[in-house]
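Inspection log for the structure reproduced underneath, given as structure tokens.
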Amino acid sequence: MGFIELYDISKIYHLGEVDLPVLKGISLQVARGELLALMGASGSGKSTLMNILGCLDRPTSGEYLFDGRAISGYTAKERARLRNRMIGFVFQSFNLLARMTAFENVLMPLMYCRDRLSEREMELRTTELLEKVGLADRHHHRPSQLSGGEQQRVAIARSLINRPQVLFADEPTGNLDSRTSEEILALFQQLNQTDGITLIMVTHDPGVAEHAQRTIRIKDGLIESDTAFLSAGAPL
Amino acid sequence: MRLYFTLKMALNALRHNVMRAALTTLGIIIGVAAVITMMEIGKGASLAIQRAMASIGANTVVVLPGSTNIAGVATGSGSKVTLTPQDADAILKECPSIDWVAPVVRARVQVVYNNQNWVPAYVYGTTPRFLDIRDWTEMQEGEAFTEHDVLNSSKVCIIGQTVVKELFGGESPVGKHVRIRNVDFRVIGVLKRKGANLMGLDQDDILLAPWTTLKYRVVASTLSGGNQSSANSANTAETSTLSMIYPYLQQNLYYTQTTMEQLDAAPPIRFTNVDQILTSAHSGDIVSSAIQDVGALLRQRHRLRDSDPDDFYVRDMTELTKTMASTSELMTKLLLSVAMISLLVGGIGIMNIMLVSVTERTREIGLRMAVGAEPNDILRQFLAEAVVLCLLGGTIGILLGRGSSYVISLVLRWPTAISIEAIVAAVLVSATVGIAFGFYPAYKASKLDPIEALRYE
């Protein structure tokens, strides 16, 4: 059984009187520990798919099993808890809170965690993660005082703070130059290989997709190709 | 999310934009300060009114003897002889709500000075406490009689301005002697002018003397002698004070009844009586409980069974106390409602800024939701910000309000009084304003869609 299983997922947006189908029946399985790239032109539905995978959005129809749990029926609150415990997000535009220091930004998701960690433990975890992404000496810098690459590292540290099992990265290198991109991608690979975190990247850059073990191409709301054709269950 | 983190986050967010937070909360600060100041001025004013009311006798509770009813014919209050000076002493001793007690003996007699004569509207035999009860202790001239005069039944009196005018013309009456029923009284003091009372009766047309003097030297001679002459056979426990005053009563100056005559006569009930007992409650608002205390005590002292009606009447100045209560209440309410409006305006200011803040931080909200904040967490975060803002404003407002009422009392010399209720109310109201006006923006934030919010520019 896969870690993430999608069966015939569709998503339809209602824009006034017009129904706009964005995903038209996607079935997909992702095993634990995979490093996956989702590719597609803009408007192909890859971002929508990622939002559904990341439990930010609900599919209009279809079944979504996350680690064996049927997510489709979850309420907003249950999905929030699941995101907090299981899922990390890395965004193209970093999405750091400008008025907080790097340290506070990384620690922030822990505040919503229901494990009731002691404050000391939280700080310890944060320090550890900042060290891991190579920013041990930038604790008290605000995002505006950091370079793009450093900001993305902070964002990665933040996404890891709750020890998630899966990391979603939406164009993680879109705002970075090629050298920093390489660094970030290397960090992702390291996380995937040494920590065993399942990683799903959305990108339209083939150079980024090369780093992945498996690439799925989306076109017009359907899976166009899947390099791991053995496990791909998508009807074409 | 833990409350501690919620508060920490709220404070962090506010600290980030100190200027805006300060301006936002200014509405609340002014509102709360206005409430506090108004309440304190209002309370001070109502205290001043209460004091003024007390001086015209709002705290006074009058005890009158009951009415006799002979063969169905009632004779009106005061016709029964039931109140004794000992009752007055007992009221003072056993009713903590009563501050002062004065027994009063009334008479309607002619007062003569040289070739002038006058019948004062009020000739009262009483004790010096009477002046305290009526808030009339200041003398125009001379001084009041003392407890000692009462014990000695000294032949002294003090008179009001009208009596001075009628009997003495322009002369100073102090030290002069007037005659009442051929008893010679020395005038030792003149009361300050008090004017007419609420019914339009001249209060200065008055002569006050020790009640013992008036009772025994002036009025008693005209009473039917029954009670007085049977003094010897009356129980001696009740006569103790009077034997001090009238040691000669033991000397059998008068005719003593024979046993047969005593058996024929109605059993003597009381030795001496007073026409009314004037008492003063500690403050205007405990008058009603004072009335109950006095009533219960007198029923017990008069040995009335539960089925017996009262043999006395207790009256308060209902009209005055009602006026007093409604005046001060009206005033406080008026001031409070004005102040509440400013609080309301302050609250709307908070809502306005919170709404702006939610819009401004849409991306932040989206991000927090993405990393696992539940809608409830977001709601609480924004609510906490609004409440912290309001409570902060409330605290500063309380200080400012206290300060300004202090300054007002110094500069304008208005009476103010610290009002704990106002402070408690201000804190509660500002917290309520925070919750009420912070709720809508917070609710709006919590209902945001994380994807939309993250994409918001």
Side-chain angles (χ1 to χ4, degrees), chain A residues 11 13 47-48 50-52 54-58 74-101 104-119 122 142-143 155 157-162 164 167-168 170, chain B residues 1-21 353 356-385 388-389 442-457:
Chain A
K11 179 76 186 175
Y13 287 109
S47 289
T48 307
M50 200 188 86
N51 286 338
I52 289 173
C55 295
L56 285 167
D57 207 351
R58 299 164 75 165
Y74 270 32
T75 62
K77 186 172 159 182
E78 288 166 328
R79 277 186 281 129
R81 288 198 184 174
L82 186 77
R83 286 199 297 272
N84 187 243
R85 300 299 311 274
M86 300 285 201
I87 300 171
F89 287 99
V90 178
F91 303 93
Q92 178 176 4
S93 52
F94 323 135
N95 275 333
L96 297 175
L97 298 181
R99 58 190 155 83
M100 293 210 224
T101 63
E104 288 167 330
N105 262 298
V106 173
L107 189 132
M108 190 265 283
L110 269 185
M111 290 192 174
Y112 299 105
C113 176
R114 262 140 239 285
D115 284 352
R116 303 198 73 87
L117 296 173
S118 73
E119 221 170 333
M122 289 180 169
R142 285 172 199 281
R158 179 182 64 195
S159 71
L160 294 172
I161 191 81
N162 270 319
L167 210 61
F168 290 96
D170 189 357
Chain B
M1 193 172 23
R2 283 180 250 178
L3 186 65
Y4 167 68
F5 288 135
T6 312
L7 286 178
K8 201 170 151 186
M9 265 188 207
L11 281 175
N12 242 330
L14 296 177
R15 205 184 53 197
H16 176 65
N17 211 332
V18 176
M19 189 62 185
R20 189 164 83 181
I353 294 297
V356 170
S357 168
V358 167
T359 311
E360 214 179 56
R361 281 150 69 184
T362 303
R363 272 180 84 96
E364 176 187 332
I365 294 164
L367 175 76
R368 285 181 185 274
M369 284 179 153
V371 302
E374 296 170 16
N376 243 341
D377 292 331
I378 302 293
L379 183 86
R380 279 171 58 177
Q381 184 191 342
F382 279 90
L383 215 49
E385 270 179 44
V388 164
L389 212 54
Y443 178 78
K444 217 180 134 190
S446 76
K447 285 294 161 223
L448 284 174
D449 178 35
I451 303 161
E452 304 265 316
L454 270 173
R455 229 181 264 151
Y456 184 86
E457 290 301 326

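Convention: sequence-line order gives letters A, B, ...; per-chain numbering from 1. Everything numeric in this text was worked out from a predicted model, so none of it was measured.
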Taking side chain as everything from C-beta outward and backbone as N, CA, C, O, which of these in Arg361(B) sits under 4.5 Å from a heavy atom of chain A? Side chain, backbone, both or neither.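 Contact with chain A: side chain only.
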Heavy-atom cut-off 4.5 Å, strictly under: side chain, backbone, both or neither for Asp57(A) against chain B?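 Both the backbone and the side chain of Asp57(A) come within 4.5 Å of chain B.
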If I measure from the heavy atoms of chain B, does Met122(A) come under 4.5 Å with its side chain, its backbone, both, or neither?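 The answer is the side chain of Met122(A).
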Any Lys/Arg nitrogen of Asp170(A) or Arg455(B) sitting under 4.0 Å from an Asp/Glu carboxylate oxygen of the other?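 Salt bridge: no.
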If you measure from the Lys or Arg side-chain nitrogens to the Asp or Glu carboxylate oxygens, is any gap between Glu374(B) and Arg79(A) under 4.0 Å?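 Not counted as a salt bridge, because no side-chain N and carboxylate O are separated by less than 4.0 Å.
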Distance, nearest 0.5 Å, that separates [atom1] of [X] from [atom2] of [Y]:
X         : Y         : atom1 : atom2 : result
Leu110(A) : Phe5(B)   : CG    : CZ    : 8.0 Å
Leu56(A)  : Asp449(B) : CG    : CG    : 8.5 Å
Leu367(B) : Phe91(A)  : CG    : CZ    : 5.5 Å

Partner chain A: residue of Pro375(B), Ala13(B), Gly366(B) with the largest heavy-atom pair count (under 4.5 Å):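 Greatest number of close heavy-atom pairs with chain A: Ala13(B).
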I need the minimum non-hydrogen distance between Tyr112(A) and Gly372(B), along with the two atoms involved.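 Shortest heavy-atom contact: CB-O, 3.8 Å.
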Between Arg83(A) and Met369(B), what is the shortest heavy-atom contact and its length?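 For Arg83(A) and Met369(B), the tightest heavy-atom pair comes out as NH2-O, 2.8 Å.
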For Tyr74(A), is the OH atom crowded, meaning more than 12 foreign heavy atoms sit under 6.0 Å from it?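 Yes, because the 6.0 Å sphere around OH of Tyr74(A) holds more than 12 heavy atoms from other groups.
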Partners passing side chain to side chain contact (heavy atoms under 4.5 Å, CB included) against Thr101(A) (at least two apart in sequence or in another chain):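 So Thr101(A) forms a side chain to side chain contact (heavy atoms under 4.5 Å, CB included) with Phe103(A), Glu104(A).
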Counterpart residues, salt bridge (Lys or Arg N to Asp or Glu O under 4.0 Å), relative to Arg58(A) (two or more places apart):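 Once residues adjacent in sequence are excluded, Arg58(A) has no partner under the salt bridge (Lys or Arg N to Asp or Glu O under 4.0 Å) criterion.
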I'd like to check the salt bridge (Lys or Arg N to Asp or Glu O under 4.0 Å) partners of Arg368(B); sequence neighbours left out, ordered by chain and number.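 Partners of Arg368(B) by the salt bridge (Lys or Arg N to Asp or Glu O under 4.0 Å) criterion, ordered by chain and then number, come out as Glu364(B).
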Just so I know, are the side chains of Met100(A) and His16(B) near enough to count as touching, which here means a heavy-atom distance under 4.5 Å?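 Not in contact.
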Which residues from residues 92-99 of chain A are near chain B, with near meaning under 4.5 Å between non-hydrogen atoms?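 If one takes a 4.5 Å heavy-atom cut-off, the residues of residues 92-99 of chain A near chain B are Ser93(A), Asn95(A), Leu97(A), Arg99(A).
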